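Can you keep this structure in mind? I'll have questions shortly.
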Amino acid sequence: MTSEKRRPIIAGNWKMNTTPEEGAALAESVLNQSMQVPDLDMVVCPPFTGLHAVAERLTGSSVSLGAQDMHWESDGAYTGAISAKMLLTLGCRHVILGHSERRTIFGESDDHVNRKIHQALTTGLLPIVCVGESLDERESRRTEQVVTVQIRAALSGISEGQMEGLVLAYEPIWAIGTGRVATPEQANSVHHHIRSLVEAQFGAHVSSAIRIQYGGSVKPDNAHELLSQPDIDGALIGGASLEADSFIAIAQAAVS
Ligand code: 13P
């Protein structure tokens, strides 16, 4: 594996927070402060209802728009679902897929995640693909096994060329929204494992280029330690992305 420098990518997952007005105001603050951190990719992922208002603020800027989920079919009788084309029309560049809240609360399977990734890549959206183990799985030393199954299933049938622009995110479930963050060593070791899985499937060229974000209670005060690890290329941020100041502080830690 080469030590090629990867451009950090920081994404804010706003989850089920913010009205369109609140989202637009938050995007505006992020945008105003984003000039302080030019050397990384920055993405904000509002709820579906806020995409339009946030897109209006971000047009022509270097902050990208992402959605939090989408359906795997292009259209049809799927009440409540949102298609890739709808997201692209609203100006989305990225889409978070396979978030653990989608998997555990909404029953999304590895197969659903794989189908969504194919649909995103076919239509031109860049997926941020999430994997991660539960507390029980970590305590029973099954982290690598769980993540291996998730990664292999997620990337099944994906071509080497399609991996360009795809981002992976390691989010241990026990660290999400709990304030209990993985240690830099714990996180880096899983990132390293994920990179080796990518290498086994796609070769060293892809594995050395792919960006792997860490997510789970990332805050300004723990970001630097995590983000200075060799295999951690950015952060997927929940709670701390709801304030522009803390989101930007984490972005600064990624390039410092
Ligand atoms: P928190 O940063 O709130 O722990 O959430 C992480 C997450 O789930 C991002 O997708």
Side-chain angles (χ1 to χ4, degrees), residues 8-18 22-23 26 30 40-48 50-51 54 63-70 87 92-106 108 113 116-117 120 125-135 137-138 143 146-147 150-151 154 166-184 186-187 190-191 194 211-227 229 232-254:
I9 176 165
I10 299 289
N13 176 6
W14 297 357
K15 306 193 179 182
M16 197 174 71
N17 297 291
T18 69
E22 289 164 351
L26 177 53
V30 167
L40 88 178
D41 291 337
M42 202 178 276
V43 186
V44 293
C45 305
F48 293 131
L51 288 170
V54 171
V63 181
S64 301
L65 186 65
Q68 298 173 18
D69 185 34
M70 53 164 252
L87 300 179
C92 287
R93 181 171 160 77
H94 295 272
V95 60
I96 298 171
L97 296 176
H99 192 282
S100 63
E101 286 150 16
R102 299 292 324 164
R103 293 175 189 262
T104 58
I105 304 170
F106 299 100
E108 209 166 276
V113 177
K116 290 179 181 193
I117 295 169
L125 280 167
L126 300 176
I128 297 176
V129 179
C130 304
V131 297
E133 81 288 4
S134 67
L135 185 59
E137 289 161 344
R138 172 158 287 267
T143 299
V146 168
V147 166
Q150 290 173 333
I151 289 282
L166 182 144
V167 173
L168 297 172
Y170 169 55
E171 296 206 309
I173 297 172
W174 48 272
I176 296 178
T178 57
R180 183 176 169 187
V181 65
T183 65
Q186 279 175 328
V190 182
H191 281 232
I194 292 172
R211 294 178 296 179
I212 309 175
Q213 298 176 311
Y214 170 79
S217 296
V218 179
K219 307 287 177 211
D221 61 1
N222 60 27
H224 181 71
E225 267 199 310
L226 286 160
L227 292 164
Q229 294 293 312
I232 302 185
D233 308 308
L236 182 54
I237 308 154
S241 71
L242 294 172
E243 298 280 345
D245 288 357
S246 47
F247 184 61
I248 295 293
I250 294 168
Q252 276 165 333

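In this chain, residues are counted from 1 in sequence order. Keep in mind the model is a prediction, meaning the values are calculated, not measured. Remember, it's 1-based here, ligands and their atoms both numbered in the order they're listed.
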Query raised in the report: With sequence neighbours left out, what residues match N222 under side chain to side chain donor-acceptor pair (under 3.5 Å)?
Result: none
Query raised in the report: Looking at CD1 of I96 and CZ of R102, how far apart are the two atoms once the value is rounded to the nearest 0.5 Å?
Result: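 CZ of R102 is found 11.0 Å from CD1 of I96.
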Requested in this report: Identify, by atom number and element, the atoms of ligand 1 in contact range of G216, meaning under 4.0 Å from any of its heavy atoms.
Outcome: 4 (O), 6 (C)
Report summary line: The side chain to side chain contact (heavy atoms under 4.5 Å, CB included) partners of A253 (sequence neighbours excluded) come to A223, H224
Report task. Note the single closest protein heavy atom to atom 2 (O) of ligand 1, along with its residue, its atom name and the distance in Å. Result -> G238 N, 2.9 Å
Report task. State whether the shortest distance between N or O atoms of S217 and N or O atoms of ligand 1 falls below 3.5 angstrom. Result ->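 In this structure, S217 places an N or O atom under 3.5 Å from an N or O of ligand 1.
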Query raised in the report: At a 4.0 Å cut-off, with the gap strictly under it, does some heavy atom of A240 reach an atom of ligand 1?
Result: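 Under 4.0 Å: no for A240.
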Query - Salt-bridge criterion met for E108 and R103 (N-O under 4.0 Å) - result: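 Judged by the 4.0 Å cut-off on N to carboxylate O distance, E108 and R103 do not form a salt bridge.
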Report task. Could you tell me whether some N/O pair between H99 and ligand 1 is separated by less than 3.5 angstrom? Result ->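 Yes: some nitrogen or oxygen of H99 is under 3.5 Å from one in ligand 1.
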Query raised in the report: For atom 5 (O) of ligand 1, which protein heavy atom lies nearest, and how many Å away is it?
Result: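 That would be K15 NZ, 3.3 Å.
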Report task. With heavy atoms only and a cut-off of under 4.0 Å, state how N13 meets ligand 1: side chain, backbone, both or neither. Result ->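 N13 to ligand 1: side-chain contact only, backbone stays beyond 4.0 Å.
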Requested in this report: With heavy atoms only and a cut-off of under 4.0 Å, state how A175 meets ligand 1: side chain, backbone, both or neither.
Outcome: backbone
Report summary line: protein heavy-atom neighbour closest to atom 9 (C) of ligand 1 works out as E171 OE2, 2.8 Å
Requested in this report: Look only at the side chain of Q213 and the backbone of A235, and say whether a donor-acceptor pair between them is shorter than 3.5 Å.
Outcome: yes
Query raised in the report: Going by the order shown, which atoms of ligand 1 are within less than 4.0 Å of some heavy atom of G239?
Result: 1 (P), 2 (O), 3 (O)
**Report entry** Donor-acceptor pair, side chain of S217 and main chain of A175, under 3.5 angstrom
**Finding:**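 Present.
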Requested in this report: Report yes if some N/O of G177 lies less than 3.5 Å from some N/O of ligand 1; otherwise report no.
Outcome: yes
Query - Mutual orientation of the aromatic rings belonging to Y214 and H191 [parallel < 30°, tilted 30-60°, perpendicular > 60°] - result: tilted
